[in-house]
Amino acid sequence: MPEPHEDKRPLAERIAAEIRKLIMSGDWEPGRKVPTNEELRTQFKTSNVTVQRALQILKDERFLEGQSGVGVFVRSDRAQTIQPAHYVSPAEPGQPYRWLSEATKRQQRSKYKMLAVEECVPPVEVGRALQLEEGGTALLRSRIGFLDDQPAELVHSYYTIELARGTRLEDRRLIPGGSPALLQEMGYPTHSQDDVVAARPATTEEYEALEIPRDVPVIEIFRIVYSDNDKPIEVTLLTKPAHRFKMGYHIEVA
């Protein structure tokens, strides 16, 4: 029989993992003072040095904030749950993209910054989703979304050249109302989307663009948007820093 899988990570990393879960779950609320080193040392049956290492890991990851002469506290903002279903429908005429308007409802400042608009050979899974021939090209629109001036998501959206040619999708500027509104104007209303969600270490691009601290992973969403006759009209690779966001889904059973 195989050996039982054992957690062989250094004890400081294991302690950091336990505390990180308490913060992400909300059991340790924002602004809460962290137990003293002596209390943590007793709880985890370890040395003061190991406790300090664990707390430093969490400070580096921005889960904890130290206040000189006062103590260590849980960061002031809790992990935010993002519900993709809120952004499926196109914005009403004259209204901003729903990601921006939903942020306004939460009293958050939001904006997008365009990074690139270019033709390229997309990743294999994107090409398959767009039903491209092997080696076929697509139009890529890349951007970063900010919430309260902090990078919140890195977005790479792909479209077939045939669909994008001669439209505002080729424009390097942001699209008023976002791509769902434009696609609807073009005769491609959104009917459904498939999301595949994963967690993984950040690439260098993601680490730098999203200002990832230490070894925090990213949440990756691979999204296919469908129009009439289940035609794929947009494929998006979206990454978010996992220490700041959770994904929320509401599913109704008929």
Side-chain angles (χ1 to χ4, degrees), residues 5-37 39-46 50-67 70-87 99 102-103 105-110 144-155 195-203 206-223 237-251:
H5 190 62
E6 220 180 305
D7 189 347
K8 295 183 179 180
R9 293 174 294 176
L11 182 54
E13 293 183 14
R14 284 181 271 157
I15 293 171
E18 296 294 333
I19 296 175
R20 191 185 297 115
K21 180 182 177 182
L22 292 171
I23 295 170
M24 289 293 290
S25 68
D27 286 351
W28 280 18
E29 296 185 345
R32 167 183 171 149
K33 188 173 183 179
V34 173
T36 65
N37 284 17
E39 290 170 327
L40 291 173
R41 189 189 67 75
T42 301
Q43 178 182 344
F44 291 105
K45 299 179 176 60
T46 187
T50 299
V51 167
Q52 289 178 333
R53 286 175 182 162
L55 296 180
Q56 188 60 53
I57 289 171
L58 295 169
K59 288 178 184 177
D60 291 345
E61 294 176 354
R62 302 174 197 162
F63 281 98
L64 298 179
E65 302 167 347
Q67 296 183 20
V70 181
V72 179
F73 297 81
V74 175
R75 65 186 181 189
S76 56
D77 57 328
R78 66 178 68 245
Q80 183 174 327
T81 300
I82 299 297
Q83 296 182 306
H86 289 171
Y87 316 124
W99 188 83
E102 288 294 324
K105 291 179 184 178
R106 298 190 300 267
Q107 299 184 323
Q108 289 181 296
R109 300 184 309 279
S110 61
I144 301 179
F146 293 84
L147 291 174
D148 294 332
D149 300 322
Q150 295 186 68
E153 59 182 25
L154 178 63
V155 188
D195 282 6
V196 176
V197 181
R200 57 169 173 75
T203 64
E206 294 158 349
Y207 190 90
E208 294 177 350
L210 296 173
E211 299 177 9
I212 302 291
R214 204 176 169 93
D215 295 325
V216 169
V218 293
I219 301 169
E220 177 189 73
I221 302 97
F222 180 81
R223 176 171 297 156
L237 295 174
L238 185 153
T239 51
K240 303 180 76 67
H243 67 305
R244 293 181 52 214
F245 295 97
K246 301 178 181 181
M247 304 303 294
Y249 293 89
H250 172 71
I251 300 173

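In this chain, numbering begins with 1 at the start of the sequence shown.
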Test salt bridge (charged side-chain N to carboxylate O under 4.0 Å, His left out) applied to E13 - qualifying residues, sequence neighbours left out: none
Listed by chain and number, what are the salt bridge (charged side-chain N to carboxylate O under 4.0 Å, His left out) partners of D60, not counting sequence neighbours? R214
Minimum-distance pair of heavy atoms, taken over all atoms of [X] and [Y]:
X    : Y    : value
R244 : A152 : NH1-CA, 4.1 Å
A209 : P151 : O-CB, 3.4 Å
V218 : A202 : CG1-CB, 3.8 Å
P35  : L40  : O-CD1, 3.7 Å
E206 : T203 : OE1-N, 2.9 Å
R106 : I82  : NH2-CD1, 4.3 Å

If I take atom [atom1] from residue [X] and atom [atom2] from residue [Y], how far apart are they, to the nearest 0.5 angstrom?
X    : Y    : atom1 : atom2 : result
Q52  : T46  : CD    : OG1   : 11.0 Å
I219 : T239 : CD1   : OG1   : 10.0 Å
W28  : I19  : CH2   : CD1   : 4.5 Å
R32  : L22  : CZ    : CG    : 8.0 Å
L154 : K240 : CG    : NZ    : 10.5 Å
I221 : M247 : CD1   : CE    : 4.0 Å

Backbone N or O of L64 within a donor-acceptor pair of the K59 side chain at under 3.5 Å? no
List for me each residue that meets side-chain hydrogen bond (donor to acceptor under 3.5 Å, both in side chains) alongside [X], sequence neighbours excluded, and say none if there are none.
X    : value
T42  : none
D195 : Q193, R223, Y249
E208 : none
Q83  : H86

Under the side-chain contact (heavy atoms from CB on, under 4.5 Å) test, residues paired with [X] that sit two or more places apart:
X    : result
F73  : K33, Q67, V70
F222 : E125, V126, A129, V196, I224, V235, L237
K246 : M24, A79, T81
D149 : R109

For the residue pair E153 and W99, establish whether any side-chain heavy-atom pair is separated by less than 4.5 Å. yes
Could you note down all residue pairs passing salt bridge (charged side-chain N to carboxylate O under 4.0 Å, His left out) where residues 15-27 supplies at least one of them, sequence neighbours left out? R20-E61
side-chain hydrogen bond (donor to acceptor under 3.5 Å, both in side chains) contacts touching residues 70-79 (sequence neighbours left out): none
Which of these, L55, L58, V74, sits in a side-chain contact (heavy atoms from CB on, under 4.5 Å) with F63? L58
Within a 6.0 Å radius of atom CZ on R53, are there more than 12 heavy atoms belonging to other residues, nucleotides or ligands? no
